[in-house]
Amino acid sequence: MERFQNDDLHYVVNDFDDDGTFVEPERPRDAAEFDSIESEFEDDFESSKPKTDTSAEEARNGKDIQEIPWERLNFTRDKYRQTRIREYRNYENLFGSREEMEKECLQIQKGKTFYDFQFNTRLVKSTIVHFQLRNLLWATSKHDVYLMENYSIMHWSSLLHRGEEVLNVAKPIVPCLKHPGSLSQQLSRVQISTMAVKENFMVAGGFQGELICKYLNQPGVAFCTKLTTDDNAITNAVDVYHNPSGAMRVIAANKDAQIRIFDAETFASVNRYSFDWSVNNTSVSPDRKLLAVLGDSVDCLIVDSQSGKVTSSLKGHLDYSFASDWHPDGHILATGNQDTSCRLWDIRNLSKSLAVLKGRMGAIRGVKFTSDGRFLAMAEPADFVHVFDTKSGYVNCQEIDIFGEIAGISFSPDTEALFVGVADRTYGSLLEFNRRRCNHYLDSML
């Protein structure tokens, strides 16, 4: 994993000006410049932001869902799409032929619609700290979404169409709970690199190896610390899960090649597992017995969650991996890689991948199954989110075609909504899509 290279972010505003002409790319901010930004959100959130929303009805009447003014530009949307695909440079750590992988990829039937566009708001805008880390958006219900915007962790209500700041990490963060033996310490000006929100509990990781834990129904921060004093130890991934005995755990994966597990009640360190390379992502199997461990290696590992012992090595990817998720039946694991593919693995036979799914332009930086296992969403770094119907053998696919860097994707727990965070200086927004349902009763009456 690269230390910091946000030059690879490709913003839409870089490409054209209001008069429709192409312009030279603006230099992205580096870490020091980002550090100088204060939180933009005050108490009167609504009055400080212009209302720039797009509804499903407006989209049906011809309005662009991202409010890009194509009618004022010197090129069409289709022309710009062709240009983006032609000129996009996928970031790779390892260079080599992709021909054999291309032969493995499933032949996909595109053009399906499983999730319909519902709403787009620019009242909240995702931001990205590290160009390879895109797990910065979580939906806890079809009405509640959490995302990162500069130094603010935001909550968006899709029911009220309102946003509010949940936590400002630019200010000093003082942990509220003190437990004997805990590693809690005060933090300030944390650049959030990854986050997870489950069961009214939020966990965030920082660019300097920080870990922050907060109960959403309580004021303040319950626990925060720096996981390591290493200079190069960004927290790449965090998650919340229950172990086989039912105890809640917090897991953090870091660039220092360590996975750390904490008790979510006392915040005491429970386990620490070491690997030979930076751990970029980890996910826990539905039965809580296995960990998928991915990082700066072409191989992905299956690890015993209680002992840290490696039980299997998954071979097939050609570059470093940054995303994974388990099908709720516990048999299928999806892994996303910079080789522009997502591989599906059957845990009962890991000699080779079950299937290979390919993106349009770039690395696969986000993969998410719906809680019922019916759909798999696969996000590229920019412009494309692919939704696969698992019942079709992952052959039938909806391609969500937008413009901008993708900060994260998340299905609501009830599977009714899919949210996409777009990070862009001008068109940054939160997109909502609702699951299409076939009403067989009404159909039979027609």
Side-chain angles (χ1 to χ4, degrees), residues 12 45-46 49-68 112-128 134-149 152-166 195-198 216 365-372 374-380 382-389 397-424 426-438:
V12 176
F45 175 85
E46 293 292 340
K49 303 284 283 185
K51 179 170 174 54
T52 51
D53 297 340
T54 305
S55 67
E57 181 179 2
E58 288 173 317
R60 286 193 295 268
N61 290 332
K63 184 178 181 180
D64 182 82
I65 64 172
Q66 295 180 271
E67 292 194 283
I68 299 176
K112 309 298 182 182
T113 303
F114 309 124
Y115 283 80
D116 291 305
F117 170 75
Q118 178 66 21
F119 198 77
N120 181 53
T121 181
R122 283 157 63 184
L123 292 175
V124 289
K125 299 180 180 182
S126 293
T127 52
I128 298 167
R134 305 300 182 94
N135 203 7
L136 294 165
L137 178 77
W138 282 81
T140 56
S141 80
K142 63 183 178 182
H143 300 309
D144 299 282
V145 188
Y146 295 84
L147 67 153
M148 195 66 216
E149 182 168 356
S152 297
I153 296 178
M154 302 296 299
H155 168 255
W156 171 258
S157 169
S158 62
L159 186 63
L160 301 176
H161 292 169
R162 287 197 55 166
E164 68 174 330
E165 187 179 71
V166 176
M195 62 185 289
V197 187
K198 295 180 181 178
L216 294 175
R365 301 221 179 270
V367 290
K368 299 284 184 181
F369 282 103
T370 51
S371 60
D372 62 2
R374 178 63 188 270
F375 299 107
L376 169 68
M378 181 179 89
E380 300 188 38
D383 292 18
F384 291 106
V385 176
H386 311 268
V387 183
F388 297 91
D389 181 2
C397 176
Q398 174 182 359
E399 185 177 82
I400 297 174
D401 181 337
I402 56 179
F403 292 99
E405 295 287 327
I406 296 171
I409 56 172
S410 183
F411 288 108
S412 60
D414 63 2
T415 80
E416 291 301 314
L418 168 63
F419 295 93
V420 180
V422 178
D424 191 82
T426 300
Y427 299 104
S429 66
L430 177 64
L431 289 150
E432 177 187 353
F433 298 83
N434 284 359
R435 186 167 177 175
R436 177 175 288 190
R437 296 288 189 179
C438 296

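Small disclaimer: the values here were computed from a predicted structure and weren't measured.
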**Heavy-atom side-chain contact between His161 and Thr121 under 4.5 Å** = no
**Item:** Side-chain donor or acceptor of Gln398 paired with backbone N/O of Tyr115 under 3.5 Å
**Value:** yes
**Request:** Locate the shortest heavy-atom distance separating Ala407 from Ile128; write the atom from each residue and the value.
**Result:** CB-CG1, 3.9 Å
**Asked** Taking 4.0 angstrom as the limit, do Asp53 and Lys63 come out as a salt bridge?
**Response** no
**Item:** salt bridge (charged side-chain N to carboxylate O under 4.0 Å, His left out) against Asp414, all qualifying residues, sequence neighbours excluded
**Value:** none
**Message:** Can you confirm if the NZ or CZ of Lys368 lies within 45° of the ring axis of Trp138 and under 6.0 Å from the centre of its six-membered ring?
**Reply:** yes
**Request:** Say whether, by atom type as modelled, one donor and one acceptor occur between the side chain of Ser158 and the main chain of Lys142 under 3.5 angstrom.
**Result:** yes
**Request:** Return the minimal non-hydrogen interatomic distance between Asp144 and His155, and the atom names on each side.
**Result:** OD1-NE2, 2.7 Å
**Message:** Testing the basics here: between Ser410 and Ala139, what is the closest heavy-atom pair and its distance to 0.1 Å?
**Reply:** OG-N, 2.9 Å
**Prompt:** Minimum heavy-atom separation for Gly421 to Leu137, with atom names?
**Reply:** N-CD2, 3.5 Å
**Message:** Is the shortest side-chain heavy-atom distance between Gln66 and Val422 below 4.5 Å?
**Reply:** yes
**Asked** How long is the gap from CE on Met154 to CG on Leu430, to the nearest 0.5 Å?
**Response** 11.0 Å
**Message:** Ignoring hydrogens, what is the shortest heavy-atom contact between Ser371 and Thr415? Give both atom names and the distance.
**Reply:** OG-CG2, 3.2 Å
**Under the salt bridge (charged side-chain N to carboxylate O under 4.0 Å, His left out) test, residues paired with Asp389 that sit two or more places apart** = Arg374
**Under 3.5 Å: donor-acceptor pair, side chain of Asn434, backbone of Asp116** = no
**Request:** Using the salt bridge (Lys or Arg N to Asp or Glu O under 4.0 Å) rule, take Glu416 and Arg437 through it: C-alpha gap first, then chi angles, then the decisive distance, then the call.
**Result:** CA-CA 9 Å; Glu416 291 301 314; Arg437 296 288 189 179; 2.4 Å; yes
**Item:** Approximate separation, where rounding is to 0.5 Å, of Phe403 CZ and Asp64 CG
**Value:** 8.0 Å
**Asked** Quick one: does Glu380's side chain get under 4.5 Å of Arg365's, heavy atoms only?
**Response** no
**Asked** Quick check: does any side chain N or O of Ser429 sit under 3.5 Å from a backbone N or O of Lys125, one acting as donor and the other as acceptor?
**Response** no
**Request:** Tell me, please, which residues at least two apart from Glu399 pass side chain to side chain contact (heavy atoms under 4.5 Å, CB included).
**Result:** Lys110, Arg360, Phe384, His386
**Request:** Compare all side-chain heavy atoms of Trp156 with those of Leu123 and state whether any distance is below 4.5 angstrom.
**Result:** yes
**Prompt:** Do NZ/NE/NH1/NH2 and the carboxylate oxygens of Arg134 and Glu405 come within less than 4.0 Å?
**Reply:** yes
**Request:** Might you point out which heavy atoms bring Ala56 and Phe117 nearest each other, and give the distance in Å?
**Result:** CB-O, 3.5 Å
